[in-house]
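Since the structure comes first, as structure tokens, the remarks are kept for the end.
Numbers for residues simply follow the sequence, beginning at 1. In each ligand, atom 1 is the first atom listed, and ligand 1 is the first ligand listed.
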Amino acid sequence: MGHRVIGVDVSRAKVEMMASGRSPIIEARMSELIAEAKQARRLHATTDATEAVLNSEVSFVCVGTPSLKNGKLDLSHIEHVAKEIGAAIRQKKSPHVFVLRSTVLPGTTENVALPILEKESGKQNGRDFTVCYNPEFMREGSAVADFLQPPYTILGARDSVHLAPLRELYKGPPGTLYETTIPIAEMVKYYSNCYHALKVGFANEMGTMCKHLGVDAQAVTKIFTSDTKLNVSAAYLSPGFAFGGSCLPKDLRAITYKAKELDLKLPLLESLMPSNAEHVDRAVEMVMSTGKKKIAQLGLSFKAGTDDLRESPQVQLIKRLMGEGLEVRVWDEDVSLGRLAGSNRQYIEEVIPHIGSVLSADLEAVLRGAEVVILGNKSANRELLARYLRPEQIVIDLVHLDPARRPQGAKTYDGICW
Ligand SMILES: NC(=O)c1ccc[n+]([C@@H]2O[C@H](COP(=O)([O-])OP(=O)(O)OC[C@H]3O[C@@H](n4cnc5c(N)ncnc54)[C@H](O)[C@@H]3O)[C@@H](O)[C@H]2O)c1
């Protein structure tokens, strides 16, 4: 892109290779790019961080963040670099931008690197230098291509004015440029990598299942991934409440039972029902931790717009809260007994009569006297809620109700996993 770059590493061998125009790693297109840049005198390499900082405007820090034996992130390289760069900034007359690119847990940039930089430089973030976080999404083997065609670029800073130099630097590559906080930028990287690991594990376990059932796994995957509406999409990726309903739990059980019959270990698939149950436990704990006794739950079916109560985690939650001795009242327009017919009515009357007896379609009556209001599915309507909800009532949102539909005025409004 025409910038002048000084590469810094503690490894003399890497620096020497780079300085002589050779790539210290095997990576597609890297040898040509380094040779070209060296030829054009745009690339230099040194082991001296101070020299590099004094002769540049921006430092991109991409030192390793390996695991310690216990799995904890080893931040020693980052601490070391922050010290060196901080000390160099102390000598600098012009402002400097410190951009962390290494993968670090949320809070690391601001709570580990920044204090070291301020201490060592004797200067202040936002005044004399700036600190930004810019996660990288390149894959080894196609790093250059990924850099030139990124899915997006994420820039995190305390104040968006700190990002001006980076905004300029990233004018070239396509994709959306997100400007956000440092912890969000740090977390997107972990969210992505954990998801990628999950996808690999999932595809491998499903492939194993296919193979043992005599089904062509690649053919199944090809059709599966062509669905960009529900399968390879943002669907089912919104932090919210446990899954339920007539299909997911039943089908998961069928496939994991079959795996047992086939003597297959599929720990990822087997972990999904326990993970879901844990999420219901989390909701119970959230309600219990309020210390309140009178609870209104809005929503009984597993999703709004249906009266299907089969394997509804909302029903499980109410049963658990009742079991803890809390006084629970339930509102669900779709399930209210008066409107219900057929198997769902029978289910309430025979299997969960205790819930049937506290179920009502009268929102005002359900909310009256409640200390905690649980938004159990997305059926709650903002205008109705606004009419009957009182500010002192604690609202627990299990479904991430669209902010435009949330009631205003509740002093405490808390989401289950956001
Ligand atoms: N490898 C990838 O594909 C990839 C992708 C995205 C993010 N990341 C993240 O980027 C970071 C770096 O990963 P990596 O695989 O390149 O690690 P790496 O260990 O291969 O490279 C890190 C380099 O930093 C050098 N170094 C260590 N301390 C230094 C110091 N004080 N001054 C100068 N140089 C120093 C090391 O000598 C080494 O050459 C990690 O946080 C990683 O999670 C890596």
Side-chain angles (χ1 to χ4, degrees), residues 5-20 22-30 33-34 43-56 58-68 71-89 96 98-113 116-117 120-121 131-156 170 173 175 178 182-197 199-200:
V5 178
I6 309 168
V8 185
D9 206 294
V10 286
S11 157
R12 280 195 183 283
K14 282 193 181 182
V15 168
E16 276 163 19
M17 283 189 81
M18 193 65 111
S20 64
R22 286 174 299 146
S23 171
I25 54 164
I26 294 179
E27 182 64 51
R29 294 183 58 191
M30 196 57 95
L33 281 172
I34 288 183
L43 180 64
H44 301 265
T46 175
T47 52
D48 185 350
T50 311
E51 178 201 325
V53 172
L54 293 178
N55 291 297
S56 62
V58 183
S59 294
F60 285 103
V61 175
C62 44
V63 293
T65 48
S67 294
L68 292 171
K72 191 180 171 195
L73 208 54
D74 177 1
L75 297 177
S76 58
H77 301 299
I78 297 217
E79 288 164 355
H80 187 93
V81 172
K83 265 192 200 155
E84 286 187 316
I85 296 181
I89 290 175
H96 196 77
F98 175 96
V99 186
L100 189 56
R101 301 220 69 196
S102 304
T103 303
V104 291
L105 288 165
T108 308
T109 307
E110 287 179 299
N111 302 329
V112 178
I116 297 176
L117 285 165
E120 296 297 324
S121 66
V131 169
C132 306
Y133 185 73
N134 170 216
E136 65 170 61
F137 296 95
M138 298 177 277
R139 293 163 297 174
E140 289 183 23
S142 57
V144 175
D146 286 347
F147 177 79
L148 296 172
Q149 291 288 329
Y152 42 50
T153 299
I154 301 176
L155 305 176
Y170 280 110
Y178 289 100
I182 291 178
I184 289 175
E186 290 170 321
M187 194 62 196
V188 172
K189 182 67 191 171
Y190 281 97
Y191 207 119
S192 312
N193 275 1
C194 290
Y195 183 54
H196 300 163
K199 289 213 284 190
V200 172

note = For Val10, the atoms of ligand 1 under 4.0 Å from one of its heavy atoms are 26 (N), 27 (C), 28 (N), 29 (C), 30 (C), 31 (N), 32 (N), 33 (C), 34 (N), 35 (C), 37 (O)

message = Donor-acceptor check, side chain of Glu110 to backbone of Ile182, threshold 3.5 angstrom: yes or no?
response = no

message = As an exercise, state the distance from CD of Glu120 to NZ of Lys83, rounded to the nearest 0.5 Å.
response = 6.5 Å

query = Do the side chain of Glu27 and the main chain of Ser142 share a donor and acceptor less than 3.5 angstrom apart?
reply = yes

inquiry  = I need the atoms of ligand 1 closer than 4.0 Å to a non-hydrogen atom of Val81, numbered in the order shown.
reply    = 30 (C), 31 (N), 32 (N)

query = Judging by distance only, is a nitrogen or oxygen of Asp9 under 3.5 angstrom from one on ligand 1?
reply = yes

ask   = Considering only heavy atoms of Lys14, which atoms of ligand 1 have at least one such atom less than 4.0 Å away?
value = 38 (C), 39 (O)

key: Closest protein heavy atom to atom 28 (N) of ligand 1, given as residue, atom name and distance to 0.1 Å   = His77 ND1, 3.7 Å

query = Just how far is it from atom CE of Met17 to atom OG of Ser11, taken to the nearest 0.5 Å?
reply = 10.0 Å

task = Please write down residue, atom name and distance for the protein heavy atom closest to atom 16 (O) of ligand 1.
result = Cys62 O, 4.4 Å

ask   = Just by modelled atom types, is the Val61 backbone N or O under 3.5 Å from a matching donor or acceptor in the Arg101 side chain?
value = no

remark   = One finds that the ligand 1 atoms under 4.0 Å from a non-hydrogen atom of Thr65 are 40 (C), 41 (O), 43 (O)

message = For the CD atom of Glu51 and the OG1 atom of Thr46, what is their distance to the nearest 0.5 Å?
response = 4.0 Å

task = Under 4.0 Å, heavy atoms only, figure out whether ligand 1 is touched by the backbone of Glu136, its side chain, both or neither.
result = both

ask   = Looking only at protein heavy atoms, which one is nearest to atom 35 (C) of ligand 1, and how far off is it?
value = Val63 CG1, 3.4 Å

ask   = Knowing that exactly one of Leu68, Val63, Val104, Leu105 qualifies, which makes a side chain to side chain contact (heavy atoms under 4.5 Å, CB included) with Leu75?
value = Val104

request  = Provide, to 0.1 Å, the distance between atom 42 (C) of ligand 1 and the closest protein heavy atom, together with that atom's residue and name.
outcome  = Thr103 OG1, 3.9 Å

key: Within reach of ligand 1, part of Met138 (heavy-atom separation under 4.0 Å)   = backbone

query = Would you say atom 20 (O) of ligand 1 has a protein heavy atom nearer than 4.0 Å?
reply = no

task = Indicate, as side chain, backbone, both or neither, the part of Ser102 found under 4.0 angstrom from ligand 1 when only non-hydrogen atoms are considered.
result = both

inquiry  = Once you measure the plane-to-plane angle for Tyr170 and Phe147, does it fall in the parallel (<30°), tilted (30-60°) or perpendicular (>60°) bin?
reply    = tilted

remark   = The option among Ala143, Ser76, Gly64, Gly141 carrying the non-hydrogen atom nearest to atom 22 (C) of ligand 1 is Gly64

message = In the complex you have, is atom 14 (P) of ligand 1 within reach of the protein, judged by whether a heavy-atom distance drops under 4.0 Å?
response = no

query = Backbone or side chain, does any N or O of Lys189 fall under 3.5 Å from an N or O of ligand 1?
reply = no

note = Looking only at protein heavy atoms, what sits closest to atom 3 (O) of ligand 1 is Glu140 CG, 3.3 Å

note = On a heavy-atom basis, the closest approach of Met30 and Ser23 is CG-OG, 3.4 Å

ask   = Atom CE in Met18, atom CD1 in Ile25: separation rounded to 0.5 Å?
value = 8.0 Å

request  = State, to 0.1 Å, how close Leu73 and Thr65 come at their nearest heavy-atom pair, and which atoms those are.
outcome  = CD1-O, 3.4 Å

